[in-house]
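The block underneath contains the structure these notes are about, expressed in structure tokens.
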Amino acid sequence: MPNETRNYDLVILGGGPAGLVAAAMATECHKTVALVDSHHELGGAGINTGTVPSKTLRETALALSGLQSRNLYGVDLSLRREVTIADFLGHEQHIKAVFNAELSQRLEADKTGIYDGMASFVDPHTVSVRPNPTAPLLGQPPAAGEDILLRGENFLIATGSSPVRPDLFPFGTGEVYDSDTILQLDRIPKTLGVIGAGVIGSEYGCPFAALGA
């Protein structure tokens with residue numbers, strides 16, 4: 001049995017940059033807003049798997065490799081030990097957590113309803129949200145097995161994109177990753193081949209190269 005229907009002026013599907021900006025603008029116009037995201041972290045790819053992580057890893061790699069400080073006043077400040085994956089990813093995870101917390105606090109301050117789950121349309125003005133196994137980011141968790149019904153006068157679908165996985169590449173077997181899973185590495189690779197020379201491919205390839213891959 002679903003919970004009682006909750007009514008909003010605007011229901012946003014997707015907690016990435018577009019959804020977050022829309023939520024902020026709507027609340028500034030004194031509209032009630034619900035934001036639904038199927039991930040546990042807000043911010044979309046920009047915060048969690050793309051722009052922020054790749055740029056943070058680049059700066060971390062430069063610092064760990066000593067490239068920014070090497071030969072400063074004739075002193076070699078490069079590392080004297082092997083860099084671990086904890087060294088490399090620890091700062092990125094901290095920065096991402098800070099962004100996630102700030103986004104949640106900002107939405108909470110704006111009284112935006114946040115729902116952590118997967119939404120599907122029941123009718124043109126209603127979605128049913130199946131909560132993720134953990135409790136929603138804000139608000140009381142529903143009873144076990146219960147969906148949440150959200151009714152909106154308007155909807156914004158801002159679900160973003162995900163990496164393409166061509167059948168040519170054996171994802172899930174061996175050391176084959178995409179831009180969403182590369183941060184799950186358990187060690188710094190000695191060699192790395194990057195297929196795709198766009199922004200994400202370049203920004204993820206350069207940090208590993210700086211560390212000697």
Side-chain angles (χ1 to χ4, degrees), residues 11-24 34-62 85-86 88-100 103-104 107 114-122 127-134 136-137 150 155-213:
V11 176
I12 301 170
L13 307 182
L20 293 171
V21 171
L35 187 147
V36 183
D37 197 290
S38 61
H39 299 90
H40 297 301
E41 301 90 3
L42 294 173
I47 298 296
N48 297 293
T49 59
T51 305
V52 170
S54 64
K55 286 178 169 57
T56 303
L57 290 179
R58 178 182 180 277
E59 295 304 312
T60 303
L62 291 175
I85 197 68
F88 189 42
L89 296 181
H91 184 54
E92 177 271 331
Q93 292 164 354
H94 171 71
I95 294 298
K96 185 169 66 175
V98 170
F99 271 100
N100 294 149
L103 291 173
S104 296
L107 291 170
I114 304 178
Y115 297 89
D116 180 7
M118 184 69 70
S120 58
F121 276 92
V122 176
V127 292
S128 176
V129 179
R130 174 62 54 87
N132 283 328
T134 56
L137 293 174
L150 305 178
F155 283 85
L156 172 64
I157 300 175
T159 50
S161 60
S162 58
V164 174
R165 288 192 160 204
D167 293 336
L168 175 65
F169 304 111
F171 292 99
T173 60
E175 300 295 324
V176 181
Y177 300 89
D178 61 26
S179 58
D180 281 357
T181 59
I182 189 67
L183 298 179
Q184 299 172 9
L185 281 169
D186 59 1
R187 65 189 182 281
I188 296 174
K190 293 182 178 179
T191 60
L192 178 69
V194 181
I195 311 301
V199 173
I200 297 299
S202 299
E203 289 191 343
Y204 273 133
C206 291
F208 288 104
L211 292 177

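Atom CZ of F169 and atom CD1 of I195 lie 5.0 Å apart (nearest 0.5 Å). Atoms CE and CG, on M118 and D37 in that order, are 9.0 Å from each other to the nearest 0.5 Å.
Side-chain N or O atoms of N132 include one that pairs as donor or acceptor with a backbone N or O of S38 at under 3.5 Å.
Closest approach of A34 to L150, counting heavy atoms only: CB-CD1, 4.3 Å. Of all non-hydrogen atoms in T173 and P170, the two that sit nearest each other are OG1-O, 2.8 Å. Scanning all heavy atoms of the two residues, the minimum distance from H39 to D116 falls at O-OD1, 3.2 Å. Listed here is the closest heavy atom pair of G19 and L35: O-CD1, 4.0 Å. Scanning all heavy atoms of the two residues, the minimum distance from S179 to P163 falls at OG-CG, 3.4 Å.
Under the rule for a side-chain contact (heavy atoms from CB on, under 4.5 Å), the partners of V194 that lie at least two apart in sequence or sit in another chain are L192. The ring pair (Phe, Tyr, Trp, His ring centres under 6.0 Å) test applied to F121 returns F155, not counting sequence neighbours. Looking at residues two or more places apart in sequence or on another chain, you find a side-chain contact (heavy atoms from CB on, under 4.5 Å) between Y177 and E175, T181, I182, L185. For A18, the side-chain contact (heavy atoms from CB on, under 4.5 Å) test picks out A158, with sequence neighbours left out.
Evaluation of the salt bridge (Lys or Arg N to Asp or Glu O under 4.0 Å) test over residues 15-24, restricted to residues two or more places apart or in two chains, returns none.
For the pair I12/L20, no side-chain contact is recorded, criterion being any heavy-atom separation below 4.5 Å from C-beta on.
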